[in-house]
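One structure is given below, encoded as structure tokens.
In listed order, ligands and their atoms are each counted from 1.
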Amino acid sequence: MAVFDPARDIKIIREPEVYLVGRQTVAREDIDRFLADHDVATWQTDTEVAGEKLSEVAGRVCYMSFARPRPGGNKAYLEHILEVGHGSVLEHATWNFIFTGISRSLTHELVRHRAGFGYSQLSQRYVDESIAEYVEPDVIADDPATHALWLEAVGRCHQAYVQLVEKLLDKFKDEPDRTLRRKMARQAARSVLPNATETKIFVTANSRALRHFIELRGSRHAETEIRKLAVQVLRIMQKEAPNLFSDYQLVSLPDGTWEATTAHRKV
Ligand SMILES: Cc1cc2nc3c(=O)[nH]c(=O)nc-3n(C[C@H](O)[C@H](O)[C@H](O)COP(=O)(O)OP(=O)(O)OC[C@H]3O[C@@H](n4cnc5c(N)ncnc54)[C@H](O)[C@@H]3O)c2cc1C
């Protein structure tokens with residue numbers, strides 16, 4: 001077997017990947033049935049984005065304001081919701097994502113966002129981590145000396161993990177359940193894996209929670225890797241649901257990265 005060479009065998013990741021894998025649909029028939037049951041002859045709005053439409057319906061249910069909508073359509077309606085801070089209305093628009101190419105240190109920060117978020121993350125107990133993919137911070141990658149130090153350290157951790165799994169599998173060789181044997185080995189061996197270890201996470205979030213995440217983690221005060229993720233999420237959401245996210249501006253920072261700002265702080 002070839003000797004492990006970190007420079008050749010470790011896949012280094014420097015950019016997160018965001019997959020928007022799910023969005024809502026509107027059940028127009030039942031909206032119409034609800035309106036008819038409440039003596040509203042007709043109601044139309046001008047967005048095709050289900051999350052935006054459902055948020056408007058939710059807001060209009062609060063005041064039963066379907067009959068005489070103000071001008072400006074869905075965009076103006078949601079802007080008003082942001083201005084007055086009627087935040088619960090934004091909880092009815094939800095999306096599903098998969099984030100990959102991110103470190104375990106990033107997901108440790110990500111899962112601190114509790115309200116309005118759901119998570120399902122790759123299990124280091126079940127999944128073999130000998131695949132050797134690690135996320136390197138740009139500030140380390142930019143300098144050959146720090147990059148070499150980082151690669152050596154990550155390489156050592158990686159090798160220790162692989163060796164520990166091997167030894168622990170041997171230690172538990174009498175365990176008849178193959179899956180359990182592997183789990184027992186991997187769950188202990190993972191203790192030497194670094195924060196840089198790449199992970200994957202399925203995330204469901206509503207637009208109120210996403211806006212709060214973008215505000216906190218898209219800020220210049222946030223850590224760089226999670227800020228890159230927040231900016232990517234924002235760029236996707238500005239195309240996906242402009243009426244809910246177009247108030248954000250992306251401002252370039254002196255180090256070439258971006259920060260997200262808005263006049264509408266957390267609602
Ligand atoms: C720059 C930065 C540095 C940070 N540094 C650290 C650190 O050093 N150590 C550390 O532990 N964390 C740190 N954090 C994490 C931070 O404390 C929050 O846990 C994280 O940003 C999630 O924010 P949140 O609690 O507002 O979000 P969520 O948990 O999603 O909550 C959203 C909102 O719901 C409300 N809410 C949620 N739960 C409760 C509750 N139990 N009671 C009352 N209201 C509630 C609040 O209004 C809250 O803002 C840092 C965050 C940032 C952005």
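- Short contacts between ligand 1 and Arg112, defined as distances under 4.0 Å to a heavy atom of the residue, involve ligand atoms 10 (C), 11 (O), 12 (N), 19 (O), 22 (C), 29 (O).
- Taking a cut-off of under 4.0 Å to the non-hydrogen atoms of His113, the atoms of ligand 1 that pass are 21 (O), 22 (C), 30 (O).
- Looking at Arg208, His108, Arg217, Glu109, it is Arg217 that brings a heavy atom closest to atom 2 (C) of ligand 1.
- Checking atom 12 (N) of ligand 1 against the protein gives a heavy-atom contact under 4.0 Å.
- Remark: the backbone N or O of Tyr126 is paired with a side-chain donor or acceptor of Arg186 at under 3.5 angstrom.
- Closest to atom 48 (C) of ligand 1 among all protein heavy atoms lies Lys266 CE, 3.8 Å.
- Put simply, atom 4 (C) of ligand 1 has no protein non-hydrogen atoms near it, under 4.0 Å away.
- In this structure, atom 53 (C) of ligand 1 has protein heavy atoms in its sub-4.0 angstrom surroundings.
- Not a single protein heavy atom sits closer than 4.0 Å to atom 42 (N) of ligand 1.
- Shown here, atom 35 (C) of ligand 1 is out of close reach of the protein: none of its heavy atoms lies under 4.0 Å off.
- For Arg220 and Trp258, the positive end is not near the middle of the six-membered ring at less than 6.0 Å and at most 45° from its axis.
- By the definition of a contact as any protein heavy atom under 4.0 Å away, atom 21 (O) of ligand 1 is in contact.
- Looking at Val89 and Glu56, their side chains never come closer than 4.5 Å, going by heavy atoms from C-beta outward.
- One hydrophobic cluster, built from ILVMFWY side chains closer than 4.5 Å, cannot hold both Leu216 and Val203; they sit in different ones.
- Within ligand 1, counting atoms from 1 as listed, the ones closer than 4.0 Å to a heavy atom of Ala115 are 28 (P), 29 (O), 30 (O), 31 (O), 32 (C).
- When only modelled atom types and interatomic distance are considered, Thr107 and Gln121 share a side-chain donor-acceptor pair under 3.5 Å.
- Considering each of Arg114, His221, His212, Arg220, the one bringing a non-hydrogen atom nearest atom 30 (O) of ligand 1 is Arg114.
- By the 4.5 Å heavy-atom criterion applied to side chains, His92 and Gln24 are not counted as neighbours.
- Relative orientation of the Phe97 and Phe99 rings is tilted, given thresholds of 30° and 60° on the angle between their planes.
- Remark: among candidates Ile226, Leu110, Leu216, the nearest residue to atom 23 (O) of ligand 1 is Leu216, based on non-hydrogen atoms.
- Taking the six-membered ring where the residue is Trp, Tyr161 and His158 present tilted rings, their angle falling between 30° and 60°.
- Contact annotation for atom 18 (C) of ligand 1: protein absent (non-hydrogen atoms, distance under 4.0 Å).
- Distance alone, capped at 3.5 Å, places no donor-acceptor pair between the Asp30 side chain and the Arg33 backbone.
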